[in-house]
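Chain identifiers are assigned alphabetically (A, B, ...) following the order of the sequence lines, protein sequences preceding nucleic acid strands; residue numbering begins at 1 within each chain.
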Number of protein chains: 2
Amino acid sequence: MEHTLKRLATMQRLQVAGLELFYQNGYHSTSVDDILKKLDLSKGAFYYHFKSKEEFFISIIQNLIVQKVYSALVQPIEGKEDPFSIIESSLDASLETAEHNFFDNGFALSNFLSETKGKDPEVNTYLNDILKIWEVALITSLQKGKSDGYVARHVDSDGVAAYVISAYIGIRLQMASGNAKNLRYKFIQQLRTYFRSLAPQPIH
Amino acid sequence: MEHTLKRLATMQRLQVAGLELFYQNGYHSTSVDDILKKLDLSKGAFYYHFKSKEEFFISIIQNLIVQKVYSALVQPIEGKEDPFSIIESSLDASLETAEHNFFDNGFALSNFLSETKGKDPEVNTYLNDILKIWEVALITSLQKGKSDGYVARHVDSDGVAAYVISAYIGIRLQMASGNAKNLRYKFIQQLRTYFRSLAPQPIH
DNA sequence: AATAAGACCGACTAAGTGGTCTAATTAAGA
DNA sequence: TCTTAATTAGACCACTTAGTCGGTCTTATT
């Protein structure tokens, strides 16, 4: 019982440290030893809890990344009305933590996606699943918004979702290379313009 | 004289093969030996022409990637009128080659940007410079569009450029993970909607 | 044909890599 | 306290990596 607790604690420490290093230096450029050195642990400890580096990475994706994306991008929009303003504020909040917390891991997702593209198809699948979850939440929200009169009927919800996701991935990637604050401001401004054009137009 | 020609030919072969493999498998996951095996060349040849793997990569960026971005995304919009339609068609054309030519290398840029983010800051700088070139071209085109009556006066050209770049980076990154055709269609549709809202509104 | 420089070969090194294994340590239950 | 199992240490293995270096081949010049 207590054993189990200790086990989980150690696993968690490894995962958190692993995510941080993977995010900073990339999955392939981070060695298992790098992670262990950071925590003053040994090879034995690592391979006692995880059976390979890849399985370890997948466990990080499923435990930490899923949760971060869900709590930052999915949950805030679920069931809410007025999709455009709620999506906008969830993205803005997410970008804000990214802006201030340099190693925030908030959207390590896009980095990992590009890194595991050709190689590691299994890992890539898990990452894409997370994107899918977000996409579905966006589409659902937009569809509901049509019934509630917040979104124009002619709007292609799938298209809007794909576009929002693309733009967000792109901005996060650019923010990683500096001048985050400025980019965030521009991004939100343009997103707002774009959304405004998708709202039902007043009759005139 | 003839020597120089042979030298350049070999260097070019190495760079082309290198870009293809780097793009497919990532920079860090591609070994110099992988590239050499593909061309039936030896270590000696490689290090005779390039003094390190990193310098080799930079030469690829400056010779091949710059040129591709320039010819696909910068040149088509330079000096033209009607920025929105010309930008749209340049992006669509670029996505089309990406869609049909699986290893098109067209925008390896975004992959490399994310891979060299934390590590390889020097390489990252060169990549960002290319983005800057594109950004400037977009902004210039939009500004000119205002004078010519294609773009509404109140539009923030910087913001639009940043947003377009973000969306394009994001879509390219997603296209790398499959169903490219569908994504391309959605992307262009939404881009058009967005652009429409930035055009001068007819008086009514 | 002789020479010299340009271009290339490939064995080798040193520093990692993921992963295994045995032994030591720690903690739990009797 | 003694035993047993959970956990960690760290030496070790086979393999890969970027980069070196003395030697060989090719080509142009004389």
OP1 or OP2 of [N] under 4.0 Å from side-chain N/O of [X]:
{"X": "S31(B)", "N": "dT16(D)", "value": "no"}
{"X": "Y48(B)", "N": "dA7(C)", "value": "yes"}
{"X": "Y47(A)", "N": "dT20(C)", "value": "no"}
{"X": "H49(B)", "N": "dC8(C)", "value": "yes"}
{"X": "T10(B)", "N": "dC8(C)", "value": "yes"}
{"X": "R7(A)", "N": "dA6(D)", "value": "no"}

message = So if I take every side-chain heavy atom of K43(B) and compare against dA9(D), dA7(C), dA11(C), which nucleotide ends up nearest?
response =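 That would be dA11(C).
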message = Let's see if you can work this out: which of dA7(C), dG19(D), dC9(C) has an atom nearest to the side-chain heavy atoms of A45(B)?
response =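 Looking only at heavy atoms from C-beta outward on A45(B), the closest nucleotide is dC9(C).
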query = Would you call the rings of F187(B) and Y163(A) parallel, tilted or perpendicular, where under 30° means parallel and over 60° means perpendicular?
reply =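 Rings of F187(B) and Y163(A): tilted, 30 to 60°.
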Base dG19(D) to side chain K51(B), donor-acceptor N/O within 3.5 Å cut-off =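 It does not, because no donor-acceptor pair links the side chain of K51(B) to the base of dG19(D) below 3.5 Å.
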ask   = Taking N and O atoms by type only, does the side chain of K53(A) place a donor or acceptor under 3.5 Å from a partner on the base of dG19(C)?
value =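 When only heavy-atom distances are counted, K53(A) does not reach the base of dG19(C) through any donor-acceptor pair under 3.5 Å.
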ask   = Across the strands shown, which category fits S29(A) at heavy-atom distances under 4.0 angstrom: base, sugar-phosphate, nothing?
value =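 If one applies the 4.0 Å heavy-atom cut-off, S29(A) turns out to touch nothing in the nucleic acid.
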inquiry  = Heavy atoms only, 4.0 Å cut-off, all strands: where does D34(B) land among base, sugar-phosphate and nothing?
reply    =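 Counting heavy atoms under 4.0 Å across all strands, no contact is made by D34(B).
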ask   = In whole angstrom, what separates K37(B)'s NZ from dT17(D)'s C1'?
value =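 Spelled out: NZ on K37(B) to C1' on dT17(D) is 13 Å.
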request  = Using whole Å, report how far OH of Y27(B) lies from P of dA18(D).
outcome  =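 Whole-Å distance recorded here is 8 Å.
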ask   = Atom CG of L142(A) and atom CG of L198(A): how far apart are they, to the nearest 0.5 Å?
value =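 The distance works out to 8.5 Å.
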query = Is the closest side-chain donor-acceptor distance between S31(A) and D34(A) under 3.5 Å?
reply =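 A pair is found: one side chain offers a donor N or O, the other an acceptor, under 3.5 Å apart.
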ask   = For the side chain of S94(A) and the backbone of S90(A), is there at least one donor-acceptor N/O pair under 3.5 Å apart?
value =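 No, S94(A) side chain to S90(A) backbone: no donor-acceptor pair under 3.5 Å.
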